[in-house]
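Worksheet: one structure, shown below.
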Number of protein chains: 2
Amino acid sequence: MAKTMTDAAEAMIRESGARVTRARVEVLAVLLKAERALSHHDVERRLNRSLGVDRVTVYRVLDWLSGCGLAHKIAGEDRISRYNAAEHAHSRAHAHFQCGRCGTVVCLDDADAPTEVPVPTGFVPHEVVLTVKGLCATCAHTRTSSSRHPPARARH
Amino acid sequence: MAKTMTDAAEAMIRESGARVTRARVEVLAVLLKAERALSHHDVERRLNRSLGVDRVTVYRVLDWLSGCGLAHKIAGEDRISRYNAAEHAHSRAHAHFQCGRCGTVVCLDDADAPTEVPVPTGFVPHEVVLTVKGLCATCAHTRTSSSRHPPARARH
DNA sequence: AAGTCACGTGCAACTATGTTGCGTTAAATG
DNA sequence: CATTTAACGCAACATAGTTGCACGTGACTT
């Protein structure tokens with residue numbers, strides 16, 4: 001399974017025509033394995049430590065992946081960017097759920113956004129994203145079952 | 001005109017039941033006068049300097065305004081939060097345009113998001129936002145008419 | 001297989017937005 | 001006017017992300 005994802009990542013990068021490096025392959029593999037959007041921090045934690053990939057390199061790889069369309073960058077309410085492997089978000093008009101408490105972002109595959117939206121004169125639309133804000137299952141549960149002062153910024 | 005907005009701001013804050021302070025009135029007046037969402041930086045620049053309102057106070061006022069519903073906070077792609085006076089964004093399902101180059105955010109009053117979107121089990125939706133990403137009129141224009149290396153982070 | 005060269009990487013220092021603690025000021029109330 | 005307490009100003013801090021530069025390495029040529 002893990003091997004497969006690494007291979008898949010390598011193939012995707014090779015197909016893009018750019019250089020195939022360990023950092024790129026490993027980061028993309030991490031994104032492919034994830035079932036939700038990952039922050040830079042998440043990616044770092046999930047990377048095999050023995051590889052010794054630098055913090056900055058992870059930033060640059062994530063940037064490159066989103067730049068060349070292999071990943072999708074999502075700006076969170078919490079000022080943290082999260083990334084999905086492009087597979088999960090291929091459409092030009094898709095939907096996300098964002099938890100307002102822990103920041104978790106998941107793709108909503110069943111929903112889709114209107115593809116045509118009227119914009120002011122001169123504006124050039126590229127992409128339409130439908131964002132549903134609220135509480136994820138974990139946060140909604142701990143919220144109701146326990147305290148009125150929730151531990152903000154939990155990260156599960 | 002300016003006087004009117006200040007008065008309107010004062011009335012809105014008074015009606016909220018909280019303390020009416022100069023900082024709150026002035027910041028809300030600035031938001032009411034704006035025709036697009038403003039960042040903290042934008043607000044500071046537009047505030048009458050003679051008032052001597054502190055940086056941190058502006059942050060706290062913006063936070064308070066969005067907390068009590070008098071303003072609406074929008075997380076930008078560029079890690080900058082922008083704020084609209086609530087008037088402009090009253091609906092629970094509304095739409096924004098975000099420029100991917102300069103970060104400008106404007107409300108799209110003509111468009112609206114679907115109010116009902118299917119979410120995973122246990123998730124609790126609060127709000128739905130439709131975000132159109134692309135280039136604003138200014139950026140789209142300078143992009144086509146001039147250089148291939150656009151001055152990123154322009155702020156107009 | 002060795003050589004070349006540009007692209008990618010590691011490291012350190014830096015930037016910018018936003019936050020916190022704490023003593024002081026000033027709005028609201030009587 | 002006196003009292004109370006929320007809001008303010010200041011300084012120091014926190015954190016996500018960026019930049020400059022020297023060095024290493026992937027891909028391509030010979």
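Because the structure is a prediction, the values reported are computed rather than measured. In what follows, every chain begins at residue 1, and chains take the letters A, B, ... in the order their sequences are listed. When reading the values below, keep in mind they use all heavy atoms of this one structure, side chains included, and skip hydrogens, waters and symmetry mates.
- The CZ atom of A:R24 sits 10 Å away from the C1' atom of D:dG26 (whole-angstrom rounding).
- Distance CG (A:D63) to P (C:dG8): 12 Å, rounded to an integer number of Å.
- In terms of position along DNA chain D, the nucleotide closest to B:L51 lies nearer the 5' end than the nucleotide closest to the other residue of the pair B:L51 and A:K73.
- Under the side chain to side chain donor-acceptor pair (under 3.5 Å) criterion, A:D63 pairs with no residue, sequence neighbours left out.
- One interatomic measurement links the two molecules: CG of A:L62 to P of D:dA16, which rounds to 14 Å at whole-angstrom precision.
- Residues from residues 10-17 of chain A that place a heavy atom under 4.0 Å from any atom of DNA chain D: there are none.
- For residues 43-64 of chain B, the pairs satisfying ring-ring contact (aromatic ring centres under 6.0 Å, His included) are B:H40-B:Y59, with sequence neighbours left out.
- Counting atom types as modelled, B:R79 pairs no side-chain N or O with a base atom of C:dT17 as donor and acceptor under 3.5 Å.
- Bending across the helix from C:dA1-D:dT30 to C:dG30-D:dC1, expressed as the angle between its end axes from five pairs apiece, amounts to 40° (10° rounding).
- For the OP1/OP2 pair of D:dC8 and a distance below 4.0 Å, the side-chain nitrogens and oxygens of B:T21 include at least one atom meeting the criterion.
- At whole-Å resolution of the value, CD1 in A:I80 and P in C:dG18 are 13 Å apart.
- At D:dA7, none of the side-chain N or O atoms of B:T57 fall inside 4.0 Å of OP1 or OP2 (strictly under the cut-off).
- Annotation for B:V56: hydrophobic cluster partners, listed by chain and number, are none (ILVMFWY side-chain heavy atoms under 4.5 Å, direct or chained).
- At whole-Å resolution of the value, CG in A:D78 and P in C:dT17 are 17 Å apart.
- Counting Ile, Leu, Val, Met, Phe, Trp and Tyr side chains that sit under 4.5 Å apart, directly or through other members, A:I74 shares a hydrophobic cluster with A:V105.
- The separation between A:E44 atom CD and C:dT9 atom C1' is 14 Å, rounded to whole Å.
- Where A:V53 and B:A18 each meet DNA chain C at their nearest nucleotide, the meeting point lying more 5' is that of A:V53.
- Between B:R82 and B:D42 there is no salt bridge, since no side-chain N of the basic residue sits under 4.0 Å from a carboxylate O of the acidic one.
- Taking NE2 from B:H94 and CG from B:N84, the interatomic distance works out to 8.0 Å, rounded to the nearest 0.5 Å.
- With sequence neighbours left out, the salt bridge (charged side-chain N to carboxylate O under 4.0 Å, His left out) criterion links A:E10 to A:R14.
- Nearest heavy-atom pair, A:G122 versus B:A140, reported as atom, atom and distance to 0.1 Å: O-CB, 3.8 Å.
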Taking distance alone, no hydrogens or angles, what donor-acceptor pairs closer than 3.5 Å link side-chain atoms of residues 15-25 of chain B to residues at least two apart or in another chain?
| from | atom 1 | to | atom 2 | distance (Å) |
| --- | --- | --- | --- | --- |
| B:S16 | OG | B:I13 | O | 2.7 |
| B:S16 | OG | B:A18 | N | 3.3 |
| B:T21 | OG1 | B:R24 | N | 3.4 |
| B:R24 | NH1 | B:R19 | O | 2.9 |

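- With sequence neighbours excluded, the residues satisfying salt bridge (charged side-chain N to carboxylate O under 4.0 Å, His left out) with B:K133 are B:E77.
- With rounding to the nearest 0.5 Å, the separation of SG in B:C68 from CG in B:L70 is 4.0 Å.
- In this structure, A:Y59 atom OH and D:dT19 atom P are separated by 13 Å, rounded to whole Å.
- Contact between the side-chain N/O atoms of B:S39 and the OP1/OP2 oxygens of C:dT17 is not found at any separation under 4.0 Å.
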Filtered N/O pairs between nucleotides 10-14 of chain D and protein, under 3.5 Å:
| from | atom 1 | to | atom 2 | distance (Å) |
| --- | --- | --- | --- | --- |
| D:dC10 | OP2 | B:D54 | OD1 | 3.3 |
| D:dC10 | N4 | B:R60 | NH2 | 3.4 |

List, with names and distances, any nitrogen or oxygen atoms from the protein found under 3.5 Å away from nitrogen or oxygen atoms belonging to nucleotides 2-5 of chain D.
| from | atom 1 | to | atom 2 | distance (Å) |
| --- | --- | --- | --- | --- |
| D:dT5 | O2 | B:R19 | NH2 | 3.0 |

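- Annotation for A:Q98 and A:A75: closest pair NE2-O, 3.3 Å, computed over non-hydrogen atoms.
- Taking atom NE2 of residue A:H41 and atom P of nucleotide D:dA16, one finds them 7 Å apart after rounding to whole Å.
- Here B:S50 pairs with B:N48 under the side chain to side chain donor-acceptor pair (under 3.5 Å) rule; sequence neighbours left out.
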Kindly indicate, with the supporting measurements, whether the criterion side-chain contact (heavy atoms from CB on, under 4.5 Å) is fulfilled by A:E127 and A:H72. CA-CA 12 Å; A:E127 191 190 11; A:H72 191 211; 2.9 Å; yes
